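This structure is a prediction, so every number in the text was calculated from the model and none was measured. The chains referred to below are lettered A, B, ... by the order of the sequence lines, with proteins before strands, and numbering in each begins at 1.
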Number of protein chains: 2
Amino acid sequence: MVSAAAHSHAIELLQSHSLTTLVRHELERRILSGELEPGAKLNEEGIAGTLNVSRGPVREAFRALESAGLVRTEKNRGVFVREVSVDDADEIYEVRAGLDELIGRLLAARIQPAHVAELRELLKKMQKAARARSVEDYYPLNVGFHDRLAELTGNRTLLAHYRRLVNELHLYRRETLARGADSFPISTREHSAIVEALARGDGDRAGKLMYEHAMESRDRLHAALEKPLLEKPLKDKP
Amino acid sequence: MVSAAAHSHAIELLQSHSLTTLVRHELERRILSGELEPGAKLNEEGIAGTLNVSRGPVREAFRALESAGLVRTEKNRGVFVREVSVDDADEIYEVRAGLDELIGRLLAARIQPAHVAELRELLKKMQKAARARSVEDYYPLNVGFHDRLAELTGNRTLLAHYRRLVNELHLYRRETLARGADSFPISTREHSAIVEALARGDGDRAGKLMYEHAMESRDRLHAALEKPLLEKPLKDKP
DNA sequence: GAATTCCAGATTGTTGACAATCTACAAAGC
DNA sequence: GCTTTGTAGATTGTCAACAATCTGGAATTC
């Protein structure tokens with residue numbers, strides 16, 4: 001027997017989600033997870049077949065993803081996972097830096113003590129991962145930290161624009177992450193300084209720190225581009 | 001006889017624009033022009049009939065407009081022109097202020113003398129319209145001035161995000177413009193100061209001025225909300 | 001008379017079929 | 001051998017029909 005809660009959940013799902021939104025979210029997941037790589041072609045009939053729907057909802061999902069900046073459409077040729085060039089990434093980093101500065105400024109004026117405590121907890125986890133040199137632990141924590149900052153401003157429009165930029169950068173990093181960009185040990189000190197400025201309610205300082213923090217990660221990316229692809233650590237040598 | 005240029009134009013149009021994009025642009029135009037008011041319901045078959053297409057392309061255009069933030073969809077009930085609440089507008093103004101600051105900072109570092117001259121020309125026209133107390137002349141010039149600033153940064157991502165915010169605010173203003181918001185004479189002095197800071201290459205100053213300029217227009221909006229709707233000028237009285 | 005139930009019309013969600021276009025490869029011509 | 005032309009198969013663009021859902025009012029009940 002199924003619980004009433006599960007039933008109401010199913011009802012809600014049916015009421016809010018059409019096949020189009022389902023397809024859209026599934027494709028979004030596959031793109032952001034890297035299952036679908038930048039440049040990959042999305043076949044209408046193929047996707048429709050695997051998800052057991054007709055081509056209509058798939059095409060509608062395509063148009064939504066197109067507006068969201070995750071795919072690119074060529075008429076009569078098909079849709080492709082968006083490829084973010086170096087120049088594109090540069091632009092996106094600049095805008096993200098601007099939004100980060102705004103986030104710092106707004107959040108410093110509104111943040112609650114409980115949220116400061118929460119951020120400090122997050123910092124501890126990140127420092128632990130950094131000491132352990134664990135990128136796979138550190139990377140999602142870092143993304144989560146910045147996302148939480150955006151969320152805590154209480155400005156949903158800001159959050160939406162911020163997330164879109166982060167998604168697009170994620171699309172770009174997929175190609176370059178292996179090159180050793182986002183060298184994480186550097187960031188922990190900057191993160192601490194940001195949280196402390198927020199705790200003091202110093203909006204200008206927090207904003208400035210966050211702007212510079214974002215611009216530095218852009219610079220790190222440029223530096224990483226000079227390195228050879230997939231550089232192996234020394235211990236691999238005899 | 002039709003010229004070769006006209007032919008190539010037609011070919012290009014056919015190659016790049018599907019019915020979906022045509023419908024999309026047409027609806028976008030109608031929404032932003034106010035022909036379709038916020039909250040208005042968009043009937044699939046009605047629109048399809050008017051534009052002489054089937055419902056498929058119309059539905060695809062709906063999904064694109066939804067992602068673009070211009071319409072809202074309720075499952076099994078239809079799509080409606082987005083209504084931007086006061087709180088929404090507040091959020092949007094905040095983000096726009098952040099982007100404006102960024103625009104000022106970036107542009108000061110990159111602007112060319114020819115562009116400074118162009119902006120000064122624009123300022124002259126705006127001052128002329130302001131002196132004439134002509135809102136219908138001033139308003140589009142003002143929008144164009146800020147759009148041009150965003151464009152001159154050379155950052156297309158920034159421009160896209162900026163334009164989206166402006167469009168959303170436009171949707172909001174439609175309900176409140178008549179109340180006397182955007183009292184324009186105030187702005188001309190600020191605009192001059194911005195252009196001068198840009199000309200000097202003073203990014204921090206230009207950014208600060210643009211941030212404050214945007215925040216002030218938000219405040220003016222709030223002040224305008226206190227006024228009665230559609231206040232008539234005195235000369236209408238006997 | 002007020003509230004509820006039921007039904008018909010309208011509208012949206014989804015599907016499958018048809019038309020237009022592209023891609024890749026084979027055949028023909030130089 | 002290289003380019004060009006032509007064609008078959010695959011893929012996208014568009015449409016029209018069917019199914020599911022909603023809306024508003026008439027009929028029914030209390």
Salt bridge flag under 4.0 Å for residues Glu94(A) and Arg110(B): yes
Lys125(B)/Asp137(B) ion pair, N-O < 4.0 Å: no
Parallel, tilted or perpendicular: ring planes of His170(A) versus Tyr139(A), cut at 30 and 60 degrees: parallel
Separation of dT14(C) C1' from Leu51(A) CG (nearest whole Å): 15 Å
Sugar-phosphate, base or nothing in reach of Gly56(A), heavy atoms under 4.0 Å: base
Protein-nucleotide distance (Lys75(A), atom NZ; dT21(C), atom C1'), rounded to Å: 8 Å
Listed nucleotide nearest any side-chain atom of Asn43(B), set dT12(D), dT15(C), dT12(C): dT12(C)
Lys41(A) vs dT23(C): side-chain N/O to OP1/OP2 distance below 4.0 Å: no
Euclidean distance, atom NE2 of residue His17(B) to atom C1' of dT12(D) [Å, nearest integer]: 18 Å
Whole angstrom value for the distance that separates P of dA20(C) from CG of Asn76(A): 12 Å
Phosphate OP1/OP2 of dT12(D) contacted by Arg77(A) side-chain N/O (<4.0 Å): no
Between P of dT12(C) and CD of Glu74(B), the distance in whole Å: 12 Å
Proximity to the side chain of Glu44(A) - top-ranked nucleotide from dG13(D), dC15(D), dT15(C): dG13(D)
Interatomic distance, Glu45(A) CD vs dT21(C) P [rounded to whole Å]: 20 Å
Parallel, tilted or perpendicular: rings of His25(A) and His17(A) (30°, 60°): perpendicular
Residues Arg63(A), Glu66(A): salt bridge by 4.0 Å N-O rule: yes
Protein-nucleotide distance (Arg24(B), atom CZ; dT14(D), atom C1'), rounded to Å: 19 Å
Rounded interatomic separation in angstrom, taking CD from Glu60(B) and P from dT12(C): 16 Å
Short side-chain N/O contact to dT12(C) OP1/OP2 from Arg59(B), under 4.0 Å: no
Residue whose nearest DNA chain C nucleotide is more 5′ - Thr20(A) or Arg55(A): Thr20(A)
